[in-house]
Number of protein chains: 2
Amino acid sequence: MAKLQKSIDKRNALVKATIELVNNNGFHATPMSKIAKMANVSPATIYLYFENKQDLLNQTYVDVKAEYTNYAFATYDTNMEVEAGFELIWKRIAHFKLKECENAMFLAQCDNTPIIDEDSRQEGIKHLQPLLDLWDRGKKEGIIKPMTNYMLYAYAINPLSFLMMSEQRGAMKLDQSHLEEAYQSAWSSIKVCQ
Amino acid sequence: MAKLQKSIDKRNALVKATIELVNNNGFHATPMSKIAKMANVSPATIYLYFENKQDLLNQTYVDVKAEYTNYAFATYDTNMEVEAGFELIWKRIAHFKLKECENAMFLAQCDNTPIIDEDSRQEGIKHLQPLLDLWDRGKKEGIIKPMTNYMLYAYAINPLSFLMMSEQRGAMKLDQSHLEEAYQSAWSSIKVCQ
DNA sequence: TATGTAAAAATGAACGTTCATTCTTTTTTT
DNA sequence: AAAAAAAGAATGAACGTTCATTTTTACATA
């Protein structure tokens, strides 16, 4: 009973504040007091929802990662053809990274620093399975290059993080035609050349 | 006279310690006292070489970025053919990221977080010019896709950061044949398909 | 429906620690 | 012996977390 009574809104506000402040200042430069203030909550209240600062960060990471993959696979169906399925998933991921860039930036920061516990990192990876399965199928069918899934991810998906960060910094603008170009490059880099 | 007398070795030791500790703990979780200890120096001595902690980080970043690009272009000659020049530079970059992964990890962390000052970030980008010039030439010759340099970097170079981080985490091993595959994917994604 | 009450949730202030930076003194160099 | 470099100890601010207390909620009773 106890835990369920605690307002889920307050937890969400804390997670949201964490994302925004960590994006702007980095994890260790965002004090709990600021997170509390942004969430309209007392610092002490944070400890009713999270064990400590590290736990707050870990849970925020897993939350955001789940949101990311849920969005990515929402309209995907495992019966789709490999190329069509990949295009669908790719475009959903691209859309997420560009429209929800607060979330995407947060993930990029966590994925390139030692601030997240290894357990939470592993937890986050699990949700990507449908894409890895699709790639395995593509390799069997001779449509996708016989490379490790890490390599495929590096070329097909990861560039979107770089593009998102560049746009976020104001270095470039990504419109629909850029996105189509990007998709073609992603597909070129992993498809088997006929 | 004053500045020149200060030992360059001591400065280098401080920069090296900063890289190692920031890689393992993140910037804000590495105290000046630990940096000093690792460099066999008193905390107060750091302030003879650097203005403050932020300045230490900024200078470390610019140093490492310069080392990275010096290595990348060391054997490149602007008279080379586009494809050959790209292959050469790509392989030098790959070699740097995989053999000097301490340095590469440090750059990845700085490039995905707000810990570096914008000025130092800009300073670091300048040194990449030879590659951008090569790409512009390739576009004129119809060899390279007519995309922005950011897009080309995202697909041709940035995946190496992801692969380096994955290997560093023990998720995969990158041998020579993986590297050849990676190069083919990089080239596939930016070359004009005939 | 109104009231009393015990548990849960939330709070602001306080605590102890850590940290970046500075100060004063000592050591090294020229 | 004067100047530069380095050192260790000291300082004051900031932080994560906890504590003692207050406020809110849920609900039994009338």
Side-chain angles (χ1 to χ4, degrees), chain A residues 1-61 106 109-110 113-117 120, chain B residues 1-61 106 109-110 113-117 120:
Chain A
M1 174 76 80
K3 295 234 165 177
L4 290 182
Q5 286 177 334
K6 287 191 284 189
S7 145
I8 190 73
D9 290 349
K10 224 160 259 181
R11 203 199 94 108
N12 289 344
L14 284 166
V15 166
K16 193 164 185 302
T18 302
I19 294 167
E20 187 168 338
L21 289 167
V22 169
N23 276 347
N24 289 321
N25 313 311
F27 175 56
H28 293 286
T30 35
M32 294 294 259
S33 55
K34 262 194 203 163
I35 297 175
K37 193 166 286 176
M38 181 169 279
N40 282 314
V41 140
S42 155
T45 303
I46 301 181
Y47 293 84
L48 300 175
Y49 293 85
F50 303 94
E51 235 176 85
N52 51 38
K53 197 183 175 185
Q54 184 66 54
D55 181 47
L56 167 59
L57 187 76
N58 289 338
Q59 288 199 37
T60 301
Y61 176 78
F106 181 79
Q109 184 165 175
C110 292
T113 61
I115 56 179
I116 289 287
D117 283 352
S120 303
Chain B
M1 177 72 80
K3 294 233 165 178
L4 290 181
Q5 287 176 333
K6 289 190 284 190
S7 144
I8 189 73
D9 291 348
K10 223 160 259 182
R11 202 199 95 108
N12 289 342
L14 284 165
V15 166
K16 194 164 185 301
T18 302
I19 294 166
E20 188 167 337
L21 289 167
V22 170
N23 276 346
N24 290 322
N25 312 312
F27 175 55
H28 293 286
T30 41
M32 294 294 260
S33 55
K34 262 193 201 162
I35 296 174
K37 192 167 286 174
M38 181 170 280
N40 282 312
V41 139
S42 156
T45 303
I46 302 181
Y47 292 85
L48 300 175
Y49 293 85
F50 303 94
E51 234 176 86
N52 51 37
K53 198 183 175 186
Q54 184 66 53
D55 181 47
L56 166 60
L57 188 76
N58 289 338
Q59 287 199 36
T60 301
Y61 175 78
F106 181 79
Q109 184 166 173
C110 291
T113 62
I115 55 180
I116 290 287
D117 283 352
S120 303

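Here is the naming used below: chain letters follow the sequence lines, and residue numbers restart at 1 for every chain. As the structure is a prediction and not an experimental result, all values here were calculated from the model. In what follows, every heavy atom counts, from backbone to side chain, and hydrogens, waters and symmetry copies are set aside.
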Atom CG of B/Leu21 and atom C1' of C/dC19 are separated, to the nearest Å, by 15 Å
Picking from D/dG16, C/dA20, C/dA10, which would you name as closest to the side chain of A/Thr45? C/dA10
Any B/Tyr49 side-chain nitrogen or oxygen under 4.0 Å from OP1 or OP2 of D/dA5: no
Atom OH of A/Tyr47 and atom P of D/dA20: how far apart are they, to the nearest Å? 18 Å
Figure out the NE2/C1' separation between A/His28 and D/dA14, and round it to whole Å. 15 Å
Quick one, B/Thr60 and B/Lys16 - any side-chain contact, counting heavy atoms below 4.5 Å? no
Honestly, is B/Lys53 close enough over B/Phe27, meaning NZ or CZ under 6.0 Å from the six-membered ring centre and within 45° of the axis? yes
Which residue is it: B/Gln54, B/Arg11, B/Glu51? I am looking for the one with a side chain to side chain donor-acceptor pair (under 3.5 Å) to B/Gln59. B/Arg11
Is the phosphate of C/dT21, meaning OP1 or OP2, less than 4.0 Å from a side-chain N or O of B/Lys53? no
With a 4.5 Å cut-off on side-chain heavy atoms, are A/Asn40 and A/Lys10 touching? no
Could you check how far CG of B/Asp9 sits from C1' of D/dA6, rounded to whole Å? 15 Å
Rounded to the Å, how far apart are B/Lys37 NZ and D/dG8 C1'? 12 Å
When the distance from CZ of B/Phe50 to P of C/dT22 is rounded to whole Å, what number comes out? 16 Å
Find the distance A/Leu14:CG to C/dT11:P and express it as a whole number of Å. 10 Å
From CD1 of A/Ile8 over to P of C/dA10, roughly how many Å is that when rounded to an integer? 12 Å
Of all heavy-atom pairs linking A/Gly26 and A/Gln109, the shortest is CA-OE1, 3.4 Å
Among C/dA10, D/dG16, D/dA5, which nucleotide has an atom closest to any side-chain atom of B/Leu48? D/dA5
Looking only at the side chain of B/Ala44 (C-beta and beyond, no hydrogens), which of the listed nucleotides D/dA7, D/dA6, C/dT11 gets closest? D/dA7
Mapping B/Lys10 and A/Ser33 to their closest nucleotides on DNA chain D, which lands nearer the 5' end? B/Lys10
Let's see if you can work this out: which of D/dG16, D/dG8, C/dG12 has an atom nearest to the side-chain heavy atoms of A/Met32? D/dG16
